[in-house]
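Structure first, commentary second.
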Amino acid sequence: MLKTAISILALLYCTLCHSQCDSINDSSTRHFNLKFSYNSSLIYPGISTGIEFPLNYVNVHVFKNQKLIRCFKKGRFISGNLNWYHHPDFHDNLYLTAEWVMRRTRYTGFMSEFSIGPGFSRTFLGGTTYKVDDIGNISVIKLAGYNYALITIGGGFGYDFSMKKKLPFSALAKMNLISMFPYNSTIYFRPVLELGIRYTPGRSQIKYIRNPLQYQNNNERSISL
Amino acid sequence: MREVFLFSLLLLFPGCQKEKITISDNTSEVFYVENAGASMRVQVQGNTASNTFILVIHGGPGVSSYFYDTKYISQNLGDKYAMVYWDQRNAGASQGASNGENLHLDQMVKDLKKVIEVLKFRYGQDMSLFLLGHSFGGLIAADFITTPGYQNMIKGLINIDGSHNYPLNDTLTREALLTEGIYQVSQKRNVDEWQPIINYCNTHQGNFSLEESQQLEKYATEAENYIDSIKHINIVTQVLKYTITDKYPLTAILSNLLYSEDSNFNKELAVAQFSSSLNIVTIPVLVLWGKYDFTCPLALGEDFYNRVNSTDKSMLISFKSGHNMILQDEKFFCDKVNEFVMKHR
């Protein structure tokens with residue numbers, strides 16, 4: 001379990017290293033997003049916080065008969081999240097995830113995303129936990145619970161307020177399925193609904209290219225149908 | 001990172017695991033007993049002030065005690081006694097990591113002993129404790145009370161459609177299906193449904209393999225649907241009714257059930273039997289059975305009843321129940337359990 005935790009932390013730490021970044025990158029690729037959301041496991045409450053860094057993005061313009069019919073932004077991100085939910089009498093689950101995120105944002109602001117990644121979970125049982133030794137002595141186990149490896153996969157949609165209103169945040173609704181193992185020698189699945197906001201410090205300064213014919217760089221891609 | 005993690009723990013979790021012991025006529029609390037890689041959930045509901053506890057040993061293996069905690073039982077037994085719902089290892093809301101190698105009947109009996117010790121530690125050594133075993137829970141109960149010295153830990157045993165002898169169980173299930181099937185066909189009731197069951201029983205006559213045993217159990221469950229005089233229970237409706245109010249961890253219950261159903265543990269169970277040692281049982285025993293129980297047929301209950309050496313024993317039959325009398329004939333179940341506990345507490 002310690003190895004799993006170290007691997008996750010190492011993965012997260014890599015995203016903070018800028019020493020090998022391309023120095024001529026567009027400055028907008030270096031912005032990070034902060035996420036804060038209600039992390040409901042169906043009816044049970046929880047919180048999720050996270051930070052995500054863009055790996056790359058591309059503005060896609062789709063033309064038909066030389067007429068622009070659709071344009072959107074495709075981005076790839078890596079994120080680190082600290083999540084918690086509380087299921088009364090069952091357990092509290094504190095879990096750390098490192099996710100690879102694919103996001104597509106239309107110029108209307110509507111966005112959809114998919115994410116997948118590994119994680120580490122620590123549960124805390126939902127009641128006093130006793131241990132009885134072979135001669136009948138009873139003791140209470142402090143902070144009783146289990147460590148699990150975890151994989152999360154999820155998808156959702158939201159609205160990016162920076163596209164139309166130049167506000168540096170977006171709203172998101174996302175359904176994740178977390179699987180924890182080895183849980184009683186099997187796998188434990190749990191659906192988790194995230195409702196929250198994502199804040200991008202300095203996002204309002206980013207210029208979005210409205211007319212793709214005026215500007216094209218490495219982050220631009222045109223498709224003709 | 002470590003500091004953040006520890007700070008989060010300090011803020012969030014000590015409150016959840018604070019020891020809470022309530023003596024009242026309306027208790028509802030949960031604790032866990034950790035043993036051999038499993039943390040087993042124990043829920044205490046009802047009148048702890050009565051100092052009388054009924055510990056429910058659920059069926060399965062792998063089913064949960066959540067399904068036994070109904071509103072009717074709360075109102076008709078929980079008002080007088082404390083109902084104790086224990087989720088066995090790898091079942092219900094019980095938790096653990098890689099613990100499948102400990103899934104054995106003997107281990108479950110050790111678990112049960114420790115659950116009883118913790119119950120007495122929490123609520124008083126002088127409590128009146130009764131075991132109530134249903135279906136597979138009857139096998140654990142039979143193993144427990146035939147372990148030398150263990151029956152002294154309880155005041156009495158209530159056996160509800162429980163199996164104390166799996167090989168005999170299979171033989172009697174086949175006989176019951178065949179007898180009832182032939183009768184139903186003669187009455188021209190559900191002929192198309194009964195015929196494959198009769199054919200299967202005719203072609204599989206004994207020395208059952210695990211697969212045959214599981215097929216007989218499937219037919220036994222199915223056959224209840226073809227008896228008009230019993231109350232039919234829709235398990236899905238039942239689960240949905242209590243999922244939110246009782247805070248079911250549904251996916252955990254399902255994962256545990258699928259694992260237990262498919263584990264090697266079932267091979268061990270296929271040959272488990274306690275008929276030969278039941279004669280050491282002398283505590284009061286109540287045997288309650290559903291007339292149309294094909295999963296654990298009535299003759300199995302009679303075998304249990306005849307073999308225990310208790311001077312105070314009784315066997316009663318519900319004529320509108322199959323294997324799940326607790327849900328199918330709630331009034332009969334609660335009334336009879338109430339009379340028995342009241343007499344022997």
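Chain letters run A, B, ... following the sequence lines, proteins first and then strands; every chain starts at 1. The structure presented is a predicted model; accordingly, all values stated were derived computationally and were not measured. Keep in mind that the numbers below use all heavy atoms, side chains included, and drop hydrogens, waters and symmetry copies.
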Take atom OH in B:Tyr72; do more than 12 heavy atoms of anything else shown fall under 6.0 Å from it?
yes

CG-OH distance between B:Asn90 and A:Tyr183, expressed to the nearest 0.5 angstrom
9.5 Å

Of A:Ile43, A:Thr186, A:Ile138, A:Thr123, the largest count of non-hydrogen pairs under 4.5 angstrom with chain B goes to A:Ile138

Could you look at B:Lys113 and say if it's the side chain, the backbone, both or neither that has a heavy atom under 4.5 Å from chain A?
neither

Kindly check if the number of other-residue, nucleotide or ligand heavy atoms within 6.0 Å of CG (A:Asp134) is above 12?
no

Once you round to the nearest 0.5 Å, how far does OG of B:Ser39 lie from OH of A:Tyr146?
2.5 Å

Against chain A, label B:Ser28 side chain, backbone, both or neither, depending on which of its atoms sit under 4.5 Å from a heavy atom there.
neither

For each of A:His87, A:His91, A:Met180, A:Lys142, tally heavy-atom pairs with chain B at distances under 4.5 Å, and name the one with the top tally.
A:His87

Heavy atoms only, distances under 4.5 angstrom: which of B:Pro249, B:Ser260, B:Ala93, B:Ser263 has the most pairs with chain A? Name it, please.
B:Pro249

Has B:Asp79 got more than 12 heavy atoms of other residues, nucleotides or ligands less than 6.0 Å from its CG?
yes

Rounded to the nearest 0.5 Å, what's the gap from CZ on B:Arg122 to OG1 on A:Thr128? Could you check?
6.0 Å

Measuring heavy-atom distances to chain B, does A:Tyr188 have an atom under 4.5 Å in its side chain, in its backbone, in both, or in neither?
both

Give, for atom OG of B:Ser255 and atom CZ of A:Arg190, the distance between the pair rounded to the nearest 0.5 Å.
11.0 Å

What is the minimum heavy-atom distance between B:Gly100 and A:Ser185, and which atoms define it?
N-OG, 2.6 Å

I'd like to know if the side chain of A:Asn184 and the backbone of B:Ser94 have a donor-acceptor N/O pair within less than 3.5 Å.
yes

What distance separates B:Leu258 CG from A:Ile187 CD1, expressed to the nearest 0.5 Å?
11.5 Å

To the nearest 0.5 Å, atom CG of A:Asp89 lies from atom CZ of B:Arg41 at 7.0 Å

For B:Gln95 and A:Phe90, work out which heavy atoms get closest and say how close.
NE2-O, 3.1 Å

Correct closest heavy-atom pair for B:Val118 and A:Tyr130 would be CG1-CD1, 3.5 Å

Judged by atom type as modelled, is there a donor-acceptor pair below 3.5 Å linking the side chain of A:Thr129 to the main-chain atoms of B:Val33?
no

N-O pairing of A:Asp133 and B:Lys114 below 4.0 Å
no

